[in-house]
Amino acid sequence: MKELFVRLLSGLFYVFLLAISINYKYAAILLFFVFGLICLSEFKKIIQLKSVIPHIIFIALLIVFISGQLLLETSEVVDKLNQILLVFTIFVQLFLIKDLFSNKAIPLFNSRRFLLTTFYISSPFVFLILIAFHHEVYNPNILFSSFILIWVNDSFAYLIGKNFGKQKLFEKISPKKTVEGFLGGLFFSCIASYFIATFTETLTFTNWLLLSIIISVFGTLGDLIESKFKRQANVKDSGTIMPGHGGLLDRLDSIIFAAPFIYLFLRITLYVS
């Protein structure tokens with residue numbers, strides 16, 4: 001009972017901190033800066049990388065891309081830089097998806113460790129912030145709604161998987177995840193997208209429906225990929241900063257993996273609308 005109470009309390013504090021901070025532009029940027037540093041430190045321990053270079057790269061990325069967004073909102077140069085970073089990030093993530101479906105361990109030679117810390121952890125935090133600038137001026141609704149879809153997906157995937165799950169999704173990597181749980185999380189995320197579209201008036205229902213599918217699929221892949229990293233490192237959690245939950249990366253693995261794909265989808269909607 002005590003463990004459940006601690007888990008509930010730390011989870012509520014995390015949601016409260018995120019919900020309050022995300023409504024204010026500079027508070028949100030500061031929060032994701034701190035979250036990014038913590039997640040980066042946790043991931044470095046998992047892949048046994050002691051260099052400070054990933055932290056320097058992370059800080060540089062945030063300074064360059066976020067200050068560019070704040071100071072030069074409609075600059076073509078900033079837009080091109082965002083596109084270049086997006087291409088590199090998605091390219092690395094697609095390789096990680098390939099590694100997920102392979103029976104072999106994820107290769108962790110030295111240069112790839114730096115690629116992973118840069119494009120698997122650091123650059124997605126840039127895109128998390130850029131999502132809130134989808135309409136050029138800061139608007140937290142799309143970003144916070146994306147978090148809500150992640151939470152809906154994870155919650156119902158757990159509940160349905162626990163009560164009705166029979167067919168394992170990736171048994172060797174995450175034995176508790178089931179196909180039924182994944183489909184249940186996806187289904188209820190699609191339902192949640194209707195209410196988000198209705199009450200936020202940010203995107204059309206069709207776009208929110210497509211986003212819910214993107215978030216559920218890539219969020220689940222992100223969770224599984226982090227699980228494979230942890231299994232390779234023989235650790236249960238990425239850290240201990242959140243009592244009852246593990247590390248911060250354990251809580252953010254889904255959204256940071258989905259963030260570049262959310263940003264890509266939002267860019268596409270601008271061109272086709």
Side-chain angles (χ1 to χ4, degrees), residues 3-4 6-7 10-11 14 32 34-51 53-55 57-58 89 92-125 128 147 150-151 153-155 157-158 161-162 165 168-179 181-182 185 215-261:
E3 184 180 343
L4 180 63
V6 170
R7 179 181 174 85
S10 63
Y14 161 72
F32 286 125
V34 174
F35 277 6
L37 289 176
I38 295 171
C39 288
L40 192 55
S41 296
E42 291 177 350
F43 184 64
K44 280 173 55 185
K45 288 182 181 179
I46 292 174
I47 63 172
Q48 299 179 2
L49 180 63
K50 296 181 179 180
S51 173
I53 293 176
H55 285 93
I57 293 173
F58 172 74
T89 301
V92 170
Q93 290 190 330
L94 290 176
F95 265 91
L96 283 173
I97 294 172
K98 177 189 74 69
D99 291 333
L100 175 65
F101 286 89
S102 171
N103 291 324
K104 298 178 181 178
I106 299 175
L108 290 175
F109 47 87
N110 203 45
S111 60
R112 195 174 193 206
R113 284 185 170 97
F114 288 103
L115 281 174
L116 289 171
T117 54
T118 302
F119 298 110
Y120 169 59
I121 301 292
S122 297
S123 61
F125 277 96
L128 275 177
F147 272 95
I150 285 285
W151 296 334
N153 178 73
D154 289 351
S155 298
Y158 171 77
K162 184 178 181 180
K168 301 297 182 181
L169 189 62
F170 271 87
E171 189 170 7
K172 291 183 179 179
I173 296 172
S174 188
K176 293 182 180 180
K177 279 187 169 51
T178 63
V179 173
F182 166 71
I215 288 170
S216 293
V217 171
F218 287 102
T220 301
L221 288 171
D223 192 314
L224 288 167
I225 287 168
E226 198 232 352
S227 294
K228 186 164 185 175
F229 276 119
K230 290 189 294 184
R231 192 164 286 274
Q232 281 185 212
N234 198 29
V235 295
K236 181 183 178 182
D237 300 314
S238 65
T240 57
I241 196 170
M242 290 185 67
H245 291 268
L248 190 60
L249 183 58
D250 294 325
R251 299 279 63 79
L252 292 171
D253 53 2
S254 297
I255 191 68
I256 63 175
F257 195 82
F261 296 96

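Counting from 1, the numbers follow the sequence of the chain as shown.
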Query raised in the report: Shortest non-hydrogen contact from F101 to I97?
Result: CD1-O, 3.1 Å

Query - All side-chain contact (heavy atoms from CB on, under 4.5 Å) counterparts of A233, not counting sequence neighbours - result: I46, V235

**Report entry** Least distance between heavy atoms, E226 atom then S238 atom
**Finding:** OE2-CB, 3.5 Å

Query raised in the report: Under 3.5 Å, is there a donor-acceptor pair between the side chain of K228 and the main chain of I106?
Result: no

Query raised in the report: Would D237 and R251 pass as an ion pair if we require N to O under 4.0 Å?
Result: no

Query raised in the report: Do side-chain atoms of R231 reach the backbone of I173 as a donor and acceptor pair under 3.5 angstrom?
Result: yes

Requested in this report: State, to 0.1 Å, how close L248 and I241 come at their nearest heavy-atom pair, and which atoms those are.
Outcome: N-CG2, 3.6 Å

Query raised in the report: S227 and S174: side-chain donor and acceptor closer than 3.5 Å?
Result: no

Report task. Test P54 against every option in L37, I121, T117, I47 by the side-chain contact (heavy atoms from CB on, under 4.5 Å) rule and name the one that passes. Result -> T117

Query - Side chain to side chain, L249 and F35, heavy atoms closer than 4.5 Å - result: no

Query raised in the report: If you take all heavy atoms of S122 and F58, which pair is closest and at what distance?
Result: OG-CB, 3.5 Å

Requested in this report: Please work out which of the three classes, parallel, tilted or perpendicular, describes the rings of F125 and F32, given edges at 30° and 60°.
Outcome: tilted

Requested in this report: Without swapping roles, check the side chain of D250 against the backbone of G247 for a donor-acceptor pair under 3.5 Å.
Outcome: yes

Query raised in the report: CZ of F257 to CG of L221: how many Å apart, nearest 0.5 Å?
Result: 6.0 Å

Query raised in the report: Are Y120 and F229 close enough that their ring centers fall under 6.0 Å?
Result: yes

Requested in this report: Kindly indicate, with the supporting measurements, whether the criterion side-chain contact (heavy atoms from CB on, under 4.5 Å) is fulfilled by I215 and N153.
Outcome: CA-CA 8 Å; I215 288 170; N153 178 73; 5.8 Å; no

Query raised in the report: Going through the checks in order, is the side-chain contact (heavy atoms from CB on, under 4.5 Å) test met by F261 and Q93?
Result: CA-CA 10 Å; F261 296 96; Q93 290 190 330; 2.9 Å; yes

**Report entry** Flag side-chain contact, heavy atom, 4.5 Å: D253 against F43
**Finding:** no

Query raised in the report: If we only count heavy atoms from C-beta on, is the S41 to H55 side-chain gap below 4.5 Å?
Result: yes

Requested in this report: Run the salt-bridge test on K104 and D99 with the 4.0 Å N-O cut-off and return the result as yes or no.
Outcome: no

**Report entry** Flag, side chain of K168 to backbone of T178, donor-acceptor distance under 3.5 Å
**Finding:** no

